[in-house]
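Each remark here refers to the structure printed beneath this line.
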Amino acid sequence: MTTSKNPNVPQAGAPLTSRTQGTALRAVLTALALVLCALFAPGLGVIGGATDAHAATKISHSTATSMFRNSGITWSSSGGCSDRNNPTCTSFEQLNLATAQGAQTLKSASGCALNITGGTETGHAGGTYSHWNGYKLDFSKYTCVGNYIKNTFTYIGVRGDGAPQWKSGAGNIYADEGNHWDVTFYNCGGC
């Protein structure tokens with residue numbers, strides 16, 4: 001068997017130097033940081049970005065309404081109902097937990113009144129980051145929340161349908177659809 005003469009490679013049976021211990025420790029800590037990022041902060045860091053899909057925790061309509069009620073967030077529907085399969089209803093069934101938390105973060109950070117007019121019900125555009133898949137909520141267009149979005153977040157241009165968009169520091173997207181705000185929550189916005 002041939003042994004390496006490279007001074008940077010420890011020889012079998014040789015004691016580790018502080019240099020090789022430091023390199024090993026750095027490698028272990030880097031790997032640990034990557035694993036923890038993937039487990040506890042999907043969508044952040046080097047493992048993923050705001051547009052990388054990840055498994056989301058889904059919540060029920062009753063859990064979402066309880067969270068919203070406790071935060072002072074209201075909701076309404078043109079049909080006065082919550083049936084997910086009726087496009088005139090506002091449903092939160094199968095909403096992502098991070099989306100509900102994102103609405104709570106928006107409410108607490110802005111101090112504005114928030115009213116949700118669209119949730120996970122059928123009738124919205126499809127796609128991975130859609131209402132149906134639990135990533136989006138529609139909010140009534142109140143002056144307070146509009147000013148908060150436009151003055152706090154970064155304008156990123158218009159969407160394909162012409163809606164102007166703003167991006168929060170957390171990566172969530174706020175689109176002005178004329179009569180309401182269409183918000184895509186990739187994460188809870190700093191909850």
Side-chain angles (χ1 to χ4, degrees), residues 37-38 40-59 64-65 67-78 87-92 94-191:
C37 181
F40 298 109
L44 299 175
V46 292
I47 288 189
T51 58
D52 292 335
H54 59 275
T57 301
K58 302 293 185 177
I59 60 174
T65 57
M67 291 174 69
F68 296 148
R69 192 176 294 110
N70 290 338
S71 296
I73 299 170
T74 60
W75 59 94
S76 57
S77 75
S78 58
T88 66
C89 297
T90 297
S91 174
F92 305 123
Q94 295 297 303
L95 188 69
N96 294 340
L97 175 61
T99 301
Q101 292 170 327
Q104 290 177 309
T105 300
L106 177 61
K107 168 72 175 160
S108 63
S110 69
C112 299
L114 284 185
N115 181 64
I116 302 170
T117 60
T120 60
E121 66 280 348
T122 191
H124 298 279
T128 301
Y129 300 102
S130 63
H131 282 272
W132 183 263
N133 287 336
Y135 288 91
K136 287 187 165 205
L137 291 173
D138 289 342
F139 295 95
S140 296
K141 246 178 117 182
Y142 297 144
T143 302
C144 179
V145 74
N147 287 341
Y148 176 80
I149 292 167
K150 292 176 181 180
N151 293 325
T152 307
F153 304 143
T154 303
Y155 178 73
I156 59 170
V158 296
R159 207 166 56 182
D161 62 1
Q165 302 176 104
W166 287 260
K167 186 175 186 177
S168 73
N172 298 323
I173 306 293
Y174 295 74
D176 182 348
E177 292 192 345
N179 62 352
H180 67 273
W181 287 99
D182 176 74
V183 182
T184 307
F185 291 101
Y186 297 108
N187 57 64
C188 68
C191 59

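Predicted model only: the values in this text are computed from it and were never measured.
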Next on the checklist: Evaluate Asn115 against Ser76 for side chain to side chain contact (heavy atoms under 4.5 Å, CB included), listing each step before the verdict.
Outcome noted: CA-CA 7 Å; Asn115 181 64; Ser76 57; 3.0 Å; yes
Checklist entry - Is it true that Tyr148 and Phe153 have ring centroids separated by less than 6.0 Å? => result yes
Checklist entry - Going by atom types only, do Thr57 and Asn96 share a side-chain donor-acceptor pair under 3.5 Å? => result no
Checklist entry - What residues, two or more places apart in sequence or in another chain, satisfy ring-ring contact (aromatic ring centres under 6.0 Å, His included) together with Tyr155? => result Trp166
Next on the checklist: Taking the basic N atoms (NZ, or NE/NH1/NH2) and the acidic carboxylate oxygens, is any pair closer than 4.0 Å for Glu177 and Lys141?
Outcome noted: no
Checklist entry - If every non-hydrogen atom of Tyr135 is compared with every non-hydrogen atom of Thr99, which pair is closest and at what distance? => result CA-OG1, 3.6 Å
Checklist entry - What distance separates Leu106 CG from Gln101 CD, expressed to the nearest 0.5 Å? => result 14.0 Å
Checklist outcome for this item: Distance col, row Cys112:SG vs Ile73:CD1, nearest 0.5 angstrom, shows 11.5 Å
Checklist entry - Thr120 and Gln94: side-chain donor and acceptor closer than 3.5 Å? => result no
Checklist entry - Considering only heavy atoms from C-beta outward, does the side chain of Val145 approach that of Phe139 to under 4.5 Å? => result no
Checklist entry - Between the side chain of Thr122 and the main-chain N/O of Pro87, is any donor-acceptor distance below 3.5 Å? => result no
Next on the checklist: Is there a side-chain contact between Ile173 and Phe185 in this structure, where contact means two heavy atoms from C-beta onward sitting under 4.5 Å apart?
Outcome noted: no
Item to check | Under 3.5 Å side-chain donor-acceptor pair for Asn172 and Lys167 | outcome: no
Checklist entry - Where is the tightest heavy-atom contact between Tyr174 and Ser168, given as atom of each residue plus distance? => result CE1-CB, 4.0 Å
Item to check | Nearest atoms (heavy-atom pairs only) where Thr105 meets Cys188 | outcome: OG1-O, 2.9 Å
Checklist outcome for this item: Minimal heavy-atom distance between Ala163 and Ala175, with the atoms involved, is CB-CB, 4.3 Å
Checklist entry - Looking only at heavy atoms, what is the nearest atom pair of Thr117 and Thr90, with distance? => result O-OG1, 3.1 Å
Checklist entry - Do the ring centers of Phe68 and Phe92 come within less than 6.0 Å of each other? => result yes
Item to check | Main-chain N/O of Gln165 paired to Asp176 side chain as donor or acceptor, under 3.5 Å | outcome: no
Checklist entry - Which heavy atom in Lys107 sits nearest to a heavy atom in Gly72, and how many Å separate them? => result CE-O, 3.7 Å
Next on the checklist: Classify the ring geometry of His124 against His131: parallel below 30°, tilted from 30° to 60°, perpendicular beyond 60°.
Outcome noted: parallel
Checklist entry - So, does Asn133 use its side chain to make a donor-acceptor pair with the main chain of Tyr129 at under 3.5 Å? => result no
Next on the checklist: Please check: side-chain N/O of Asp182 versus main-chain N/O of Lys136, any donor-acceptor pairing under 3.5 Å?
Outcome noted: no
Checklist outcome for this item: One should read off an interatomic distance between Ile116 CD1 and Ser91 OG, to the nearest 0.5 angstrom, of 11.5 Å
